[in-house]
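Heads up: the structure comes next, in structure tokens.
Please read these numbers as outputs of a predicted model, since none were measured by experiment. Note that these values count all heavy atoms, side chains included, but never hydrogens, waters or copies made by symmetry. Lettering follows sequence order; numbering is per chain, from 1.
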2 protein chains.
Amino acid sequence: MSDLLERLRERGWRLTAQRRVVAEVLDGDHVHLTADEVHARAARRLPEISRATVYNTLRELVHRGEVLEVSTDGRAKRYDPNAHRPHHHLLCSRCGSMRDVRPTGDLLADLPPSQSFGFTVSEVEVTYRGVCPDCAG
Amino acid sequence: MSDLLERLRERGWRLTAQRRVVAEVLDGDHVHLTADEVHARAARRLPEISRATVYNTLRELVHRGEVLEVSTDGRAKRYDPNAHRPHHHLLCSRCGSMRDVRPTGDLLADLPPSQSFGFTVSEVEVTYRGVCPDCAG
DNA sequence: CCTTGCTTTAGATCCTGTCCAAGGTAGGGT
DNA sequence: ACCCTACCTTGGACAGGATCTAAAGCAAGG
Ligand SMILES: [Mn+2]
Ligand SMILES: [Mn+2]
Ligand SMILES: [Zn+2]
Ligand SMILES: [Zn+2]
């Protein structure tokens with residue numbers, strides 16, 4: 001994720017300890033943390049970091065397309081660093097764990113013009129729900 | 001919707017004026033009201049009805065599978081009486097208006113076994129986002 | 001009718017997320 | 001190396017959505 005920070009710095013983003021730590025926390029595959037989880041992990045490395053800064057940083061990363069914001073029902077949104085290859089989500093109805101998935105079909109094409117009601121459709125979001133192997137017992 | 005109320009009464013649901021009014025408000029096609037919108041409309045007919053009762057009634061209707069709960073990003077959930085024929089949603093990014101849609105493909109089948117990560121997938125929810133004709137100007 | 005257990009109600013409370021004013025600091029300019 | 005200043009961070013207030021509570025109300029079976 002250090003190339004991410006470098007990229008953003010070149011675009012005029014000030015490189016602060018807080019932003020560095022948030023970026024570190026968000027590194028990895030199948031990472032889908034809530035803002036408060038990001039805050040808790042960031043605070044291990046930088047105890048004074050505030051919730052407001054975590055929210056600010058996440059909002060900017062989302063706005064710049066570096067992080068994906070995934071809204072899950074009524075609960076807290078989750079933040080996903082895997083923003084460069086589009087994908088969808090598989091969500092466990094019991095424990096809430098989340099995996100990235102890549103369906104085969106062209107889901108946008110699955111919506112025929114007769115079903116578009118004059119909308120200019122630009123994006124499709126898919127959530128598959130089920131029970132994960134750990135919860136299956 | 002009166003058969004709905006009858007059905008529920010037979011299952012031990014007490015028939016109150018409040019529940020009757022909420023059911024009436026939720027009648028129709030392409031109805032996707034927020035809880036507060038339901039409350040506002042219900043209050044026209046029954047001024048003393050409380051927000052808590054609207055929330056309680058909606059929760060129960062959802063729990064009994066008579067109404068669908070649709071969560072839209074950070075905003076208030078919407079309640080959809082069209083629960084008996086499964087469908088997906090087309091959502092305007094600007095004004096938030098919502099339409100029911102029925103994609104052609106088998107979206108569950110679009111998730112190949114190699115992408116299931118051992119989950120027992122039971123449900124798929126799709127949200128198409130775009131700009132509605134009214135907002136297109 | 002009565003009774004009883006389910007319902008309703010207002011208001012408190014919780015959770016997520018945003019806003020604010022005050023103080024701090026990255027990093028370009030010198 | 002040191003300033004400056006525009007940008008950043010902070011804690012706490014705030015807001016909207018939704019749930020919870022305890023007291024009062026009422027549907028409906030007996
Ligand atoms: Mn993801
Ligand atoms: Mn619908
Ligand atoms: Zn699970
Ligand atoms: Zn619109």
Side-chain angles (χ1 to χ4, degrees), chain A residues 2 5-25 32-43 45-64 66-80 96, chain B residues 2 5-25 32-43 45-64 67-80 96 98:
Chain A
S2 53
L5 292 175
E6 194 50 34
R7 222 184 311 154
L8 292 172
R9 202 182 58 74
E10 279 164 14
R11 287 200 240 154
W13 221 50
R14 264 195 209 173
L15 210 30
T16 68
Q18 291 85 346
R19 289 173 170 180
R20 219 184 302 265
V21 168
V22 168
E24 281 170 21
V25 165
H32 304 96
L33 299 170
T34 65
D36 276 338
E37 285 166 352
V38 171
H39 179 242
R41 297 192 186 196
R45 290 164 167 265
L46 191 66
E48 335 77 58
I49 191 171
S50 74
R51 253 171 36 99
T53 293
V54 170
Y55 274 104
N56 288 341
T57 305
L58 289 173
R59 176 154 25 83
E60 281 161 19
L61 289 173
V62 169
H63 194 251
R64 289 160 194 255
E66 300 291 349
V67 163
L68 233 61
E69 191 178 66
V70 185
S71 38
T72 63
D73 298 312
R75 280 178 287 190
K77 291 175 185 165
R78 296 187 170 268
Y79 293 88
D80 181 348
Chain B
S2 52
L5 291 175
E6 195 49 35
R7 222 184 310 154
L8 291 172
R9 203 184 56 75
E10 279 164 13
R11 288 200 238 152
W13 222 50
R14 262 194 211 174
L15 210 30
T16 67
Q18 290 86 346
R19 288 173 170 179
R20 218 183 302 265
V21 169
V22 168
E24 282 170 21
V25 165
H32 304 95
L33 299 170
T34 65
D36 276 336
E37 285 167 351
V38 171
H39 178 242
R41 297 191 186 196
R45 290 161 168 267
L46 190 67
E48 335 76 58
I49 191 172
S50 74
R51 255 168 38 97
T53 293
V54 170
Y55 274 104
N56 288 341
T57 306
L58 290 173
R59 175 154 26 82
E60 280 160 19
L61 289 173
V62 169
H63 194 250
R64 288 160 195 257
V67 163
L68 232 61
E69 189 178 66
V70 186
S71 39
T72 62
D73 298 312
R75 282 178 284 190
K77 290 175 186 166
R78 296 187 169 268
Y79 293 89
D80 182 349
M98 197 181 264

- Query: Looking across every strand, which nucleic acid part, if any, lies under 4.0 Å from A:Thr16 by heavy atom: base, sugar-phosphate, or nothing?
  - Reply: sugar-phosphate
- Query: Please give, in whole Å, the distance from C:dG17 C1' to A:Arg75 CZ?
  - Reply: 17 Å
- Do A:Thr72 and A:Lys77 have side chains that get closer than 4.5 Å, going by heavy atoms? no
- Query: So where does chain A start and stop touching DNA chain D, 5' to 3', when the test is distance under 4.0 Å to a non-hydrogen atom?
  - Reply: D:dA6 to D:dG11
- Item | For atom CD of B:Gln18 and atom P of C:dC6, their distance in whole Å | 17 Å
- Query: Excluding sequence neighbours, so at least two apart, what forms salt bridge (Lys or Arg N to Asp or Glu O under 4.0 Å) with A:Arg51?
  - Reply: A:Asp36
- Task: Specify the separation, in whole Å, of atom CZ of B:Arg9 and atom C1' of C:dC6.
- Result: 15 Å
- Heavy atoms, side chains only, cut-off 4.5 Å: are A:Glu69 and A:Tyr79 in contact? yes
- Message: Within the 4.0 Å heavy-atom criterion, would you say A:Arg19 contacts the bases, only the backbone, or no part of the nucleic acid?
- Response: sugar-phosphate
- Query: What is the distance from CG of B:Leu15 to P of C:dT8, rounded to the nearest Å?
  - Reply: 10 Å
- Does CZ belonging to A:Arg64 count more than 12 external heavy atoms closer than 6.0 Å? yes
- Query: Whole Å only: how far is the CD atom of A:Glu10 from the P atom of C:dG28?
  - Reply: 12 Å
- Is the shortest side-chain N/O distance from B:Arg14 to OP1 or OP2 of C:dT8 below 4.0 Å? no
- Message: Any carboxylate oxygen within less than 4.0 angstrom of a Lys/Arg side-chain nitrogen, looking at A:Arg41 and A:Glu24?
- Response: no
- Query: Less than 4.5 Å apart, any side-chain heavy atom of A:Arg19 and any of A:Arg14?
  - Reply: yes
- Query: Touch check for A:Ala52, heavy atoms < 4.0 angstrom, all strands: base, sugar-phosphate only, or nothing?
  - Reply: base
- Task: Assign each of B:Gly74 and A:Val54 to its nearest nucleotide of DNA chain D by heavy atoms, then name whichever residue's nucleotide is nearer the 5' end.
- Result: A:Val54
- Atom-pair distance (CG on A:Asn56; C1' on C:dG17), nearest Å: 11 Å
- Tell me whether the OP1 or OP2 atom of C:dG17 has a side-chain N or O from A:Tyr55 closer than 4.0 Å. yes
- Message: Measure CG/B:Leu46 against C1'/C:dT8 and give the value in whole Å, please.
- Response: 11 Å
- What's the CZ-P distance between B:Arg11 and C:dC6, to the nearest Å? 17 Å
- Task: Specify the residue among A:Thr57 and B:Asp36 whose closest nucleotide of DNA chain D lies further upstream toward the 5′ end.
- Result: A:Thr57
- Can you tell me which stems DNA chain D forms, taking runs of 3 or more consecutive Watson-Crick or G-U pairs with both distances under 3.5 Å? C:1-30 with D:1-30
